[in-house]
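Take a look at the structure set out below.
Note that the numbering runs from 1 along the sequence shown for the chain. No hydrogens, no waters, no symmetry mates; every other heavy atom, side chains included, goes into these values.
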Amino acid sequence: MDKGQAPAARPALPAGSAPRGFALYVGIDEAKAAAAGVSLGTLVEALRRTLGELAPAAETYATVALAPTGAGGRDVDVVRLALHEPSAVARTKDEPAEEDRAPGGVVVDISRKRVLIDGESAAFTFKEFELLQYLVLREGRTIERAELVASLWEGSTDDDAPGERTIDVHVRRLRAKLGAYEDIVRTVRGVGYRFDRHADVSIRYGHGTPSPDRF
C-alpha cells in the first residue's frame, strides 16, 4: 500500500462478533478441471500451499460439494447450496405469495419463467425469456453478442447456433413484446446489450435461481 493511501474501510461487524476465517466457494466439476489439466485434489493442495506460504498459522479444511448428476445451474451456485451457505439457502425458501396482477410495469418472474407486463402475462418464447433472464441476472454489465450465442446456445451445433447478428433479431422480437418498456433492454453500439435496474421493472427470484453476476 502506498504511504499516502488510506486503508480500505472495513465493513461493520455485528456486535459481539469477530472474524475467525473465511470460506472460498469454488465452482468447477471434474470434467472442467481435467480440461484444464488438473484435478480437484490438485487445486485444493495448490491453494493450501499458497495459504501456507502467506499465513503458516492458518488452519484449513476442504470438502467436496456433491450434487445429483445432471443438476443444472452454475457450478458455484450448486456448491454454495450443497454446503449450506446462508444466502444461497435463503434463496430456496418459499417467497411470500404475490398477486399475479401487478399495478403496472414489468415483472420478470424468474421463479416461474414468465414475464408480466402491466399485470398481463406476455407471450414470450422459451429462448426470448432466456435472453431477458441472462441480461437481468447480469444487471449493469454489457453483454457481447458472442457471449449470448455461446451461453444461450451452448451445446448446439454450428448449424443450430445463430450468428451474432441473428441475436439482433431475437432482441428486436423481445423488445416488441415488451412494448412501452422496450428500453429496459439497452443497445451498446458496437458491443452488445445490457439491462440496467429500472423503476418500472421488478424481479422475482425463486428456488434454484442462479446468483446475479456483479463483475
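Counting heavy atoms from C-beta outward, Val107 and Val115 have side chains that stay 4.5 Å or more apart. Taking the side chain as every heavy atom from C-beta outward, Arg138 and Ile143 approach each other to under 4.5 Å. In this structure, Leu137 and Phe195 have side chains that are not in contact, with every pair of non-hydrogen atoms separated by 4.5 Å or more. A 4.5 Å side-chain heavy-atom check between Val171 and Leu131 finds at least one atom pair inside the cut-off. Put simply, the side chain of Asp196 reaches to within 4.5 Å of the side chain of Arg186, judged on heavy atoms.
Within 6.0 Å of atom CD in Glu130, more than 12 heavy atoms from other residues, nucleotides or ligands are found, so the atom counts as buried in its surroundings.
One finds the CZ atom of Phe124 at 13.0 Å from the CZ atom of Arg114 (value rounded to the nearest 0.5 Å). In this structure, CD1 in Ile203 is found 9.5 Å from CG in Asp109, a value given to the nearest 0.5 Å. Rounding to the nearest 0.5 Å places CG of Leu148 at 7.5 Å from CH2 of Trp153. To the nearest 0.5 Å, the span separating CD1 on Ile28 from NZ on Lys32 amounts to 7.5 Å. In this structure, CZ in Arg194 is found 10.5 Å from CG in Leu135, a value given to the nearest 0.5 Å. Rounded to the nearest 0.5 angstrom, Leu152 CG and Lys127 NZ are separated by 6.0 Å.
For Glu147 and Tyr134, the side-chain atoms include at least one donor-acceptor pair closer than 3.5 Å.
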Test salt bridge (charged side-chain N to carboxylate O under 4.0 Å, His left out) on Glu128 and Arg173; report intermediate values, then the result. CA-CA 8 Å; Glu128 287 165 352; Arg173 291 173 180 167; 5.7 Å; no

Might you work through the side chain to side chain donor-acceptor pair (under 3.5 Å) test for Asp168 and Tyr193, ending with a clear yes or no? CA-CA 9 Å; Asp168 297 341; Tyr193 299 96; 2.5 Å; yes

List the atom pairs, with distances to 0.1 Å, where a side-chain N or O of residues 49-62 and a protein N or O form a donor-acceptor pair under 3.5 Å, not counting sequence neighbours.
unit_1, atom_1, unit_2, atom_2, d
Thr50, OG1, Ala46, O, 3.1
Thr60, OG1, Arg48, NE, 3.2

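Side-chain N or O atoms of Lys177 include one that pairs as donor or acceptor with a backbone N or O of Ala123 at under 3.5 Å.
Each of Asp183, Ile184, Val185 was checked for a side-chain contact (heavy atoms from CB on, under 4.5 Å) with Arg175, and the lone residue meeting it is Val185.
Taking every heavy atom of both residues into account, Ile117 and Ala122 meet most closely at CD1-CB, 3.8 Å. Considering all non-hydrogen atoms of both residues, Ile167 and Arg145 come closest at CG1-O, 4.3 Å.
When hydrophobic clusters are built by joining Ile, Leu, Val, Met, Phe, Trp and Tyr residues whose side-chain heavy atoms come closer than 4.5 Å, directly or via intermediates, Leu40 is grouped together with Val38.
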